[in-house]
Amino acid sequence: CTSKKNRGKGYMTILFKHFLKLLKNNELEEVQIDNNHLSLYLLKSNPDFIKTKKFYLENGFTVKEHLTDKIILHINLT
């Protein structure tokens, strides 16, 4: 991710939103998406779990499943 001296400047948000745009427009040929859905794991051991979860939820993800050690976040790319 971003180095500590460059955090808080919005670089990861810009990168992430651009990445999602590329996925939605099928511009990443090597990436396989299952039925236009993208899921990811967010580990509860992540020191920034709450902040990271908030970021994903603000960018269109929903919580698909709560597990003991992680949550599964999901977004529809269509």
Side-chain angles (χ1 to χ4, degrees):
C1 288
T2 309
S3 67
K4 287 186 180 182
K5 70 177 185 172
N6 289 310
R7 290 184 185 168
K9 296 180 181 177
Y11 298 142
M12 290 303 295
T13 300
I14 292 167
L15 176 63
F16 185 71
K17 287 180 179 181
H18 180 68
F19 174 74
L20 287 179
K21 180 182 174 186
L22 292 173
L23 283 175
K24 288 179 182 180
N25 293 332
N26 293 320
E27 295 179 32
L28 297 174
E29 296 175 18
E30 298 298 319
V31 176
Q32 303 248 336
I33 304 299
D34 188 27
N35 293 324
N36 286 320
H37 295 132
L38 174 66
S39 295
L40 59 89
Y41 295 117
L42 179 57
L43 300 178
K44 292 180 179 178
S45 62
N46 180 335
D48 293 319
F49 175 79
I50 300 295
K51 188 176 180 181
T52 305
K53 178 182 172 186
K54 182 180 180 226
F55 170 80
Y56 283 117
L57 293 176
E58 288 174 349
N59 285 283
F61 279 82
T62 58
V63 177
K64 184 176 180 182
E65 190 172 352
H66 289 272
L67 302 171
T68 305
D69 60 337
K70 62 189 159 225
I71 60 172
I72 299 174
L73 296 162
H74 170 84
I75 191 168
N76 185 348
L77 299 173
T78 56

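What's counted below: heavy atoms across the whole structure, side chains too, no hydrogens, waters or symmetry copies. None of the values given here were measured: they were computed from a predicted structure.
Atom CG of Leu57 is separated from atom OG1 of Thr62 by 8.0 Å, given to the nearest 0.5 angstrom. A distance of 10.5 Å separates CG of Leu42 from CZ of Phe61, quoted to the nearest 0.5 Å. Separating the NZ atom in Lys70 from the CG atom in Leu40 is a distance of 12.0 Å, to the nearest 0.5 Å. A distance of 11.5 Å separates CG in Asn36 from CD1 in Ile75, rounded to the nearest 0.5 Å. One finds the OG1 atom of Thr52 at 9.5 Å from the CD1 atom of Ile71 (value rounded to the nearest 0.5 Å). Between Ile72 atom CD1 and Glu65 atom CD the span is 4.5 Å, to the nearest 0.5 Å.
Heavy atoms of other residues, nucleotides or ligands lying less than 6.0 angstrom from CZ of Phe49 number more than 12.
Under the 4.5 Å side-chain heavy-atom criterion for grouping Ile, Leu, Val, Met, Phe, Trp and Tyr, Leu38 is connected to Tyr56 within one hydrophobic cluster. Note on Phe16 and Leu73: same hydrophobic cluster, where clusters join Ile, Leu, Val, Met, Phe, Trp and Tyr whose side-chain heavy atoms are under 4.5 Å apart, directly or indirectly.
Note: His37 and His74 have tilted aromatic rings, judged against thresholds of 30 and 60 degrees for the angle between ring planes.
Between the side chain of Lys44 and the backbone N or O of Leu67, at least one donor-acceptor pair lies under 3.5 Å.
Under the 4.5 Å side-chain criterion, counting only non-hydrogen atoms from C-beta, Val63 is in contact with Lys53.
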